Asker: 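Structure in structure tokens, see below.
Since the structure is predicted, the reported quantities are computational estimates derived from the model, not experimental observations.
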Amino acid sequence: QDIQISVTDNVGSPVSLEVFDLEVINVNDAPQVISQKGSAPALTVDEDGSLTLALDHFVVNDIDSPLEDLSLKVLPGDNYSVAGTRIKPDLNYAGILYVPTLVNDGVDDSAQHTVTVSVNAVNDPPRINGLSSPISLHRGTARTLVIDDLNITDVDSDPSQFRLVVEHGNHYSVSGY
């Protein structure tokens, strides 16, 4: 487009008019992540579960790209793994995750935005890994089993606080609790 400019000196005398071409080059503006929607940490997941992050979890602005053209990138961090936009807290982790993310408009990435995710603790059942030491009995004799006879692990609790219950089964009998 032609633009005409006129200049006058300090006395008011006009100076020659010049015509020149002005070319406006479109430059991509990177998207901006304004905030995480809701009160942080509005995103929650149970321990040993997973959560898929989406653009819906963010307030995003991009003046030259429609929101449907944007994509989310989830970056690695502490206490979780990433597969695409799905995060999975490390086994038995409970607490707050700080997950760095980027929004891309097909050309440029936004500045990094850290989303907070609350990982809820879930009680894990105890696991009997075997006997602490071999137990042998003569036929017809009785033996009282106690917690210490078993090798038990529990990520949430101290096995010394457990109560042992022996279920009825074949080839033995149970009396008392």
Side-chain angles (χ1 to χ4, degrees), residues 1-129 151-159 161-162:
Q1 178 173 358
D2 289 342
I3 298 179
Q4 227 177 20
I5 296 179
S6 110
V7 178
T8 55
D9 63 17
N10 59 356
V11 193
S13 304
V15 181
S16 66
L17 296 175
E18 293 291 326
V19 176
F20 64 92
D21 290 326
L22 176 66
E23 181 180 355
V24 178
I25 300 172
N26 188 22
V27 176
N28 185 61
D29 292 296
Q32 294 177 320
V33 179
I34 308 302
S35 66
Q36 177 178 332
K37 287 184 181 173
S39 308
L43 298 174
T44 62
V45 63
D46 286 340
E47 168 188 328
D48 303 330
S50 65
L51 174 69
T52 300
L53 297 176
L55 284 171
D56 296 10
H57 296 128
F58 304 92
V59 177
V60 179
N61 183 27
D62 191 328
I63 62 172
D64 55 8
S65 297
L67 293 180
E68 60 269 9
D69 289 351
L70 303 179
S71 62
L72 179 66
K73 294 180 184 179
V74 179
L75 305 176
D78 295 333
N79 302 312
Y80 66 93
S81 58
V82 178
T85 59
R86 185 177 64 85
I87 60 168
K88 182 168 180 54
D90 291 345
L91 187 64
N92 298 315
Y93 178 82
I96 301 293
L97 293 176
Y98 299 96
V99 182
T101 60
L102 300 170
V103 175
N104 183 277
D105 63 6
V107 177
D108 291 316
D109 287 333
S110 67
Q112 184 174 300
H113 180 79
T114 300
V115 64
T116 55
V117 177
S118 179
V119 182
N120 303 318
V122 174
N123 187 29
D124 294 295
R127 179 182 168 122
I128 300 174
N129 301 308
N151 180 348
I152 301 172
T153 56
D154 189 314
V155 296
D156 302 313
S157 305
D158 178 6
Q161 305 300 314
F162 295 159

Asker: Using every non-hydrogen atom in the two residues, find where S65 and L70 come nearest and quote the distance to one decimal.
Answerer: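 The answer is CB-CD2, 4.1 Å.
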Asker: Hey, mind stepping through L43 and T116 against side chain to side chain contact (heavy atoms under 4.5 Å, CB included) and telling me if it holds?
Answerer: CA-CA 7 Å; L43 298 174; T116 55; over 6 Å; no
Asker: Please report the interatomic distance CG(N28) to CD1(I63), rounded to the nearest 0.5 Å.
Answerer: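 Spacing of CG (N28) from CD1 (I63) equals 9.0 Å.
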Asker: Hey, does the side chain of D90 reach the backbone of Y93 with a donor-acceptor pair shorter than 3.5 angstrom?
Answerer: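 Side chain of D90 to backbone of Y93: no pair is present.
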Asker: Of the options D108, D109, D105, which is the one that meets K73 in a salt bridge (charged side-chain N to carboxylate O under 4.0 Å, His left out)?
Answerer: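 Considering D108, D109, D105, a salt bridge (charged side-chain N to carboxylate O under 4.0 Å, His left out) with K73 is found only for D109.
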Asker: Using every non-hydrogen atom in the two residues, find where P89 and L97 come nearest and quote the distance to one decimal.
Answerer: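 The answer is CG-CD1, 4.1 Å.
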Asker: Can you measure from CG (D56) to CG (L67) and round to the nearest 0.5 angstrom?
Answerer: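 CG of L67 is found 10.0 Å from CG of D56.
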Asker: Taking atom CG of L51 and atom OG of S118, what is their separation to the nearest 0.5 Å?
Answerer: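 Reported to 0.5 Å precision, the distance equals 11.0 Å.
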Asker: Closest heavy-atom contact between V60 and P31?
Answerer: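 For V60 versus P31, the nearest heavy atoms are CG1-CB, 4.4 Å.
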Asker: Please report the interatomic distance CG(N123) to OG(S157), rounded to the nearest 0.5 Å.
Answerer: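 Between N123 CG and S157 OG, I get 5.5 Å after rounding to 0.5 Å.
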Asker: Is the CG atom of N129 crowded by more than 12 outside heavy atoms at less than 6.0 Å?
Answerer: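 Counting other residues, nucleotides and ligands, CG of N129 exceeds 12 neighbours.
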Asker: Side-chain contact test, heavy atoms from C-beta onward, threshold under 4.5 Å: evaluate it for D124 versus D48 and give yes or no.
Answerer: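 Sidechains of D48 and D124: in contact.
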Asker: In the structure I gave you, are the side-chain heavy atoms of Y80 and V117 within less than 4.5 Å of one another anywhere?
Answerer: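 Side chain of Y80 against side chain of V117, heavy atoms only: no contact under 4.5 Å found.
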Asker: Determine, stepwise, if the pair F58 / T101 fulfils side chain to side chain contact (heavy atoms under 4.5 Å, CB included).
Answerer: CA-CA 10 Å; F58 304 92; T101 60; 3.9 Å; yes
Asker: Do L75 and V82 have side chains that get closer than 4.5 Å, going by heavy atoms?
Answerer: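 Side-chain contact under 4.5 Å: no.
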Asker: Which heavy-atom pair separates P100 from P76 by the least distance, and what is that distance?
Answerer: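 In this case the closest contact between P100 and P76 is CG-O, 3.7 Å.
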Asker: Between D46 and N120, what is the shortest heavy-atom contact and its length?
Answerer: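 Minimum heavy-atom contact is OD1-ND2, 3.3 Å.
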Asker: Nearest 0.5 Å please: distance from the CG atom of D64 over to the CG atom of D29.
Answerer: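 It comes to 4.5 Å.
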Asker: Looking only at atom types and distance, does a side-chain atom of E47 sit under 3.5 Å from a main-chain N or O of V122, one as donor and one as acceptor?
Answerer: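 Side chain of E47 to backbone of V122: a pair is present.
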Asker: Taking atom CZ as the centre, does F162 end up with more than 12 heavy-atom neighbours from other residues, nucleotides or ligands that are less than 6.0 angstrom away?
Answerer: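 Counting other residues, nucleotides and ligands, CZ of F162 exceeds 12 neighbours.
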Asker: Report the C-alpha distance between H57 and V115 in whole Å, list the side-chain angles of each, state the deciding distance to 0.1 Å, and finish with yes or no for side chain to side chain contact (heavy atoms under 4.5 Å, CB included).
Answerer: CA-CA 9 Å; H57 296 128; V115 64; 5.7 Å; no
Asker: Tell me, with the steps shown, if H113 and V103 meet side chain to side chain contact (heavy atoms under 4.5 Å, CB included).
Answerer: CA-CA 9 Å; H113 180 79; V103 175; over 6 Å; no
Asker: Can you name the closest pair of heavy atoms from V45 and S50 and give their distance?
Answerer: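 Shortest heavy-atom contact: CG2-O, 3.4 Å.
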